[in-house]
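Input: a single structure, listed below in structure tokens.
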Amino acid sequence: MTLTARLLFGWLLLFPAVSAGAGFEVVRAEVVLANDVYAVDAQFNYEFSPEALEALSNGVYLTVAVEIEMRRGRRFMWDKLVERSTRKFRLQRHELSGQYIVTDTSADTSRNHPSLEDALEALGHPPAMPVIRRDKLPADGATYLRVRTRLDSDPLPAPLKPIAFFKRGWRLSSRWYRIEMPP
Amino acid sequence: MTRRIGTAAPIAALCVVMLASLMMLSEAVQDSARFGRLYLVLLAINAVGLLAFIVLIAVNGRRLFVQLRRREPGSRLTLRLLGFFSALAVIPLVVLYGFSLHYLRQGIDSWFDVRVQQALRDSLELSRAALDIRMRELNRLTHQVADEIGEVSAPMEPLNLDLLRAPGSTVVANVPSSGTLNIDALRQRAGAHEMMLVTTRGGLIASSSIDATQVVPSPPSAPILLQIQQGRSYIGLDPIRDRGLYVRIAVPVRGRSSDGERRVLQALYPVTGRMNELAQNVEAAFVKYTELAYLREQLRISFTMSLTLVLLFSVLSAVGAAFHFARRLTAPIRDLADGTDQVARGNYETTLPVTSHDELGFLVQSFNEMTRRIAAARDEARRSRDEVDTQRSYLATVLGRLSSGVLTLDAEGRVRTANPSALEILRIDDRPLEGRLLAEVAADLPALAPFAEAIAPHLAGDASEWQVEVQMFGVGGRQALICRGAVLPSSGPAPGHVIVFDDITALVRAQRNAAWSEAARRLAHEIKNPLTPIQLSAERLRRKYLGTMQAKDADTLDRLTNTIVQQVETMKGMVNAFSDYARPPKMQAQPLQINALVEEVAELFRSMNGPRIALALEPGLPELHADPGRLRQILNNVIKNAIEGTPEDRTAEITIGTRAVRDTGAFFVELRVDDQGDGVPAQMLATIFDPYVTSKPKGTGLGLAIVRKIVEEHGGIVWMENKPNRGACVIIRLPVNNRAAEGARNLHKDAV
């Protein structure tokens, strides 16, 4: 977690991200095992705030960060973080073509969508995201995964950052969605 | 100095950190990739820094407020300097801030021009229009190709691309030869970058691409396929990263696939050459301009925020610095005020730190020099005082050990000092003499009146040295003092006096007694020797010639010799009396009721059919400590004296009285013996108690001398008075105070 993210986290603790009519949600998430790698197949529902949509229509890229954490439960302390991975997807509008481009920054692939709805639909169905190799999974204790997605303010243009920091319409995040690891 | 550096260093460090973070914040706002990520951190640092400044100023302000309320020195000056510095710094800053804000708004607004935005929008439209023509041509071409494919009815098994993309998929792409359908030839002829034939479910029937590295082609997206299913073609511009603009066209193909699905032909045509480049440039410029226009307000807010932060930082640091400098400037003044206060409280060791070399530093140095000199003077004065005290205690010790009394009087006659011997000689026990006039003391103690009266003329006189003898009668009985006085050396106009006096009572008495004793002893010796032969001769003469003579002569001889013998006897008695005077028996004092003694003696005289003795005795008299034999002798002598003082033709009438008397602060028992005789000539009253002084023809002149001697041995006093009508009165006062009587006896003994 970067310092910025820590500060943001602290800020979010003080002022929870609640925006009327807007919000991110983890609709479904499950663990799949393929080629000895545990991956999370999840489906999200994105509803951007008017402020964010206005920025998008004015050429500002919006980035959502899907955060996956593997944690091991402990009795008397907070759960131990075993693995963390973040996958970022960028949404932008191509003015000339009128297309919405969704870019998977980790895989460095992008796809064009003729409408915002299509783009959000595609954004809500990302490909399965690998978390940990099966042989790296800790043997002791029950582990679980948790997933959330949020609007990442780091890539925003600098003048927008203070606004994004202080305005609720820019603090968009889903709750953590917990997935138990298969035995 | 260290403390000042200690407080200034963190403030300076805070200033540097805040300045650096403000500069970085400014960079971050300029969209610099390097600082962009640190924006929030810098914002937080600045906020914390400002908070620290506010806390610092609040703490300083509170301290100043407390100092002002306590009216601490330097606090008002600090407040004035603070106000002055703050105004000097803050007012220009606020003015600068206002103008900067104004120009900032104007500057940002001037970057954007509606005409430029419209021109960019028009350029974008122009690009779209140009591309539209090209897209229509390509649509027609794709439809032709689709028609050609539709004429070829070759049922083919489509490939499931989703399965192919899934992780862990083991499906092997095995596109069978399309037989009569040569899609690659079609693609090349149409000039497409990529061409594929898919089913409406997304299954790949055939594909061809100019890019040999693309293993898995991208089929039309679900919305496009949906649109095709509805019988509508899809024509769209597709920007592909790193490759530029492409035209994507998807059209339905007649006929169905082997699994009965409808087929769709998708072709991807590149926008060629110059048009691609220009269209992309226009799009990029438009997007950038739109973004900037959108961010204009945010930029203004950010700039305003940064500028406000700078202003706050400047104002707060200026006020903080004003506090620091005001305090630093007033510190020497405060130190000086504190130092002066310390000096006023008597702390002359106060030295102030010299922190500067300016006028204030000079002032502090002068202050230190002043306190150093005051301290030196004080030490010198203390040494002198100690020396004086030593001298004084030395003198007091010497005076205390002197047997002579020493009094010093100031010019007004007030007692300045009196040594213990003076108090003892003057019989002053517990009354302080210092500061009182001698006349006042004498008013309290009447016994001292002769002393004060004898000295007073000499104090007023001009003689630098004088001597006087004083007779006093007080608690201890008669006292003879010899006083010597001298004028004290003094620089003033009215000098004081020192009086040295000695109690010479015992000495005088002893001298007198010794003289009289010697005279009596010699007289007795010289007279007693011839008396016996005279007496013997007279008796022998009588015995021898009395028988031989005639009666008449014998009678004469008898009478004459009898006279001689009687006179010799009388002279023997006189000589014995002299001997008694010269060698008195040892005194044996004991408690004694004088009334009983008086009654006893009176009764004795009455039994002799002599005088008529009347008694007037006061009952309840205190006991005397006296020798009863001696007192009896006193009474005998006095009564005899009274009898002898009475003419022979009259019967002596004597009255003996006793009473208790308190006079001149002392307690006495008084004995009065009155007679009805002729009295004593006035000129003899003063010497009647001296030996050989008598007013009677028959007296030896020793009776009253012995009385006085015994009275003095008892510490008492005796005198004689002529009564107004007739007769004389002997008055004897014996002190009740045992100590005084004892002292008088000791003195008498020493003198003997």
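Each chain gets a letter, A, B and so on, in the order its sequence line appears, and its residues count up from 1.
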- Task: Check whether B:Ile301 gets within reach of chain A through its side chain, its backbone, both or neither, counting any heavy atom under 4.5 Å.
- Result: side chain
- Where does B:Leu245 contact chain A at under 4.5 Å (heavy atoms): side chain, backbone, both or neither? side chain
- Might you point out which heavy atoms bring B:Pro239 and A:Asn112 nearest each other, and give the distance in Å? O-ND2, 2.9 Å
- When the 4.5 angstrom heavy-atom criterion is applied to A:Thr109 and chain B, the contacting part is backbone
- For the atom pair CE (B:Met305) and CD1 (A:Ile163), what is the distance rounded to the nearest 0.5 Å? 6.0 Å
- Begin with the C-alpha distance, continue with both residues' side-chain angles, and end with the deciding distance and a verdict on side-chain contact (heavy atoms from CB on, under 4.5 Å) for A:Glu95 and B:Arg128. CA-CA 10 Å; A:Glu95 198 59 38; B:Arg128 277 185 188 142; 4.1 Å; yes
- Give, as side chain, backbone, both or neither, the part of A:Gln99 having an atom under 4.5 angstrom from any heavy atom of chain B. side chain
- Query: When heavy-atom pairs shorter than 4.5 Å are enumerated against chain B, which of A:His94, A:His113, A:Glu54 gives the highest number?
  - Reply: A:His94
- Select one option (side chain, backbone, both, neither) describing which atoms of B:Tyr234 are under 4.5 Å from chain A's heavy atoms. side chain
- Quick check: are there more than 12 heavy atoms from other residues, nucleotides or ligands sitting under 6.0 Å from CZ of A:Arg74? yes
- Would you mind checking which part of B:Leu292 comes under 4.5 Å of any heavy atom in chain A, side chain (CB onward), backbone (N, CA, C, O), both or neither? neither
- Among B:Gln280, B:Arg248, B:Gln298, B:Glu125, single out the residue with the greatest number of heavy-atom pairs under 4.5 Å to chain A. B:Gln298
- Pair count under 4.5 Å, heavy atoms only, with chain B: among A:Val60, A:Val37, A:Asp108, A:Leu96, highest is A:Leu96
- Query: Checking A:Ala55 against chain B: side chain, backbone, both or neither under 4.5 Å from a heavy atom?
  - Reply: both
- Query: Which heavy atom in B:Leu295 sits nearest to a heavy atom in A:Pro157, and how many Å separate them?
  - Reply: CD1-CB, 3.6 Å
- Message: Counting neighbours of CZ on A:Arg28 that are heavy atoms of other residues, nucleotides or ligands and sit closer than 6.0 Å, is the number greater than 12?
- Response: yes
